[in-house]
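Note that ligands are numbered from 1 as they come in the structure, with each ligand's atoms numbered from 1 the same way.
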Amino acid sequence: MKLVAATGNAHKLKEMREILRGFDILSAAEAGFFGEVEETETTFFGNARLKARAVARATGLPALADDSGLEVDALGGAPGVYSARFAEMFAPVGFLAACEGGHDARNRAFLLDRLKGEKNRAAHFSCALVLVFPDGREICAEGRTFGRILEEEHGEHGFGYDPLFLSDDLNKTFGEAAEEEKNAVSHRGRALAALKEKL
Ligand code: ITT
């Protein structure tokens, strides 16, 4: 089956390709889509649906979108749907100016700052998938994975919050885990397995 990954995140694309072996997964650019879809919804499913519909409409191919994020108990579920933009949206200007590194590094630094002195470090990742076919049919699936946020980074694999997320399943961070180890228990791995069952 041929489909387009409705994502601009190269790490997500790589994980989708590894987990959905046997599927022919084009990147959005390979399918001729260079647009940006504004994520205006307040739920993972809402945003995934926006991305998948836009790419299916533009390319005429089945489009698979992933909207995902980290939900931290002590922060009332934040950063949630704002995970990719956490520091940019909520950190004071002075904090951002003092941060080194890219987006992901700034988000991790801001998360550690928000959790300074906090004992309850429980958190989970959520992933919502929406596959939209050109005829308008839609298939949805979701996955979660549980763990806690460490006080410092461990490991350099993965992306986003991976070096801070100690997985309950692996007893190591996603930053320390090999790709196959993370994919076997991750929110994205579980959501993609559930999606496969429905196809
Ligand atoms: P697209 O919308 O183009 O797919 P994005 O990175 O903006 O790319 P999201 O809006 O779904 O995607 O935000 C997901 C963010 O949640 C991501 O940037 C990370 O900060 C975090 N995240 C999601 N899955 C993760 C994972 O497996 N490991 C670490 N962080 C993850």
Item to complete: Decide whether the shortest distance between a heavy atom of Gly69 and an atom of ligand 1 is less than 4.0 Å.
Response: yes
Worksheet item: Would a distance-only check, ignoring hydrogens and angles, find a side-chain to backbone donor-acceptor pair under 3.5 Å from Arg190 to His187?
Response: no
Discussion item. Looking at Phe45, is its backbone amide N or carbonyl O close enough to the side chain of Asp67 to form a donor-acceptor pair, meaning the two atoms are under 3.5 Å apart?
Written reply: no
Discussion item. Tell me whether Arg49 contacts the main-chain N or O of Val130 through its side chain, where contact means a donor paired with an acceptor under 3.5 Å.
Written reply: no
Worksheet item: Nearest protein heavy atom to atom 14 (C) of ligand 1, by residue and atom, and its distance?
Response: Ser68 O, 3.1 Å
Worksheet item: What residue and heavy atom of the protein are closest to atom 18 (O) of ligand 1, and at what distance?
Response: Ala84 CB, 3.5 Å
Item to complete: Any chance you could measure Arg106, atom CZ, to Leu96, atom CG, to the nearest 0.5 Å?
Response: 5.0 Å
Worksheet item: Does ligand 1 have an atom under 4.0 Å from some heavy atom of Lys182?
Response: yes
Fill in: Contact check: Asp104 vs ligand 1, nitrogen or oxygen atoms, below 3.5 angstrom
no
Discussion item. Could you identify the single nearest non-hydrogen protein atom to atom 6 (O) of ligand 1 and state the distance to 0.1 Å?
Written reply: Asn9 ND2, 2.9 Å
Worksheet item: For atom 30 (N) of ligand 1, which protein heavy atom lies nearest, and how many Å away is it?
Response: Tyr161 N, 3.2 Å
Practice prompt. Just jot down the ligand 1 atoms closer than 4.0 angstrom to any heavy atom of Gly160, in number order.
Written response: 29 (C), 30 (N)
Worksheet entry | Protein contact of atom 16 (O) of ligand 1 - nearest heavy atom, named by residue and atom, plus distance | Ser83 CB, 3.3 Å
Worksheet item: Taking non-hydrogen atoms only, is Lys12 closer than 4.0 angstrom to ligand 1 via side chain, backbone, both or neither?
Response: side chain
Practice prompt. Report the part of Glu39 (side chain from C-beta onward, or backbone N, CA, C, O) that has a heavy atom under 4.0 Å from ligand 1; answer both or neither where that applies.
Written response: side chain
Worksheet item: Side chain, backbone, both or neither: which part of Phe125 comes within less than 4.0 Å of ligand 1 when only heavy atoms are counted?
Response: side chain
Fill in: Whether Arg85 lies under 4.0 Å from ligand 1, heavy atom
no
Worksheet item: Can an N or O of Asn107 be found at a distance shorter than 3.5 Å from an N or O of ligand 1?
Response: no
Worksheet item: At a 4.0 Å cut-off, with the gap strictly under it, does some heavy atom of His103 reach an atom of ligand 1?
Response: no
Fill in: Protein residue, atom and distance nearest to atom 1 (P) of ligand 1, heavy-atom basis
Thr7 OG1, 3.5 Å
Worksheet item: Is a donor on one side and an acceptor on the other found under 3.5 Å between the side chain of Asp104 and the backbone of Gly160?
Response: yes
Worksheet item: Any donor and acceptor pair, going by atom type alone, linking the side chain of Lys51 with main-chain N or O of Thr7 inside 3.5 Å?
Response: no
Worksheet item: Where the side chain of Thr173 meets the backbone of His154, is there a donor-acceptor pair that is under 3.5 Å apart?
Response: yes
Discussion item. Check for me whether the distance between the ring centres of Phe125 and Phe165 falls short of 6.0 Å.
Written reply: yes
Discussion item. Strictly distance-based, threshold 3.5 Å: is any side-chain N or O of Asp24 a donor or acceptor partner for the main-chain N or O of Leu26?
Written reply: no
Worksheet item: Can you find an N/O atom of Gly8 closer than 3.5 Å to an N/O atom of ligand 1?
Response: yes
Worksheet item: Between the side chain of Lys12 and the main-chain N/O of Asp66, is any donor-acceptor distance below 3.5 Å?
Response: yes
Discussion item. I'd like to know if the side chain of Tyr161 reaches the main chain of Ser83, judged simply by a donor and an acceptor atom lying under 3.5 Å from each other, with no hydrogens or angles considered.
Written reply: yes
Worksheet item: Any idea which protein heavy atom is nearest atom 17 (C) of ligand 1, and the distance to it?
Response: Phe159 CE1, 4.2 Å
Worksheet item: Going by the order shown, which atoms of ligand 1 are within less than 4.0 Å of some heavy atom of Asp67?
Response: 9 (P), 10 (O), 11 (O)
Worksheet entry | Any donor-acceptor pair under 3.5 Å from Glu30 side chain to Ser27 backbone | yes
Discussion item. Please determine whether any non-hydrogen atom of Asp162 lies less than 4.0 Å from an atom of ligand 1.
Written reply: yes
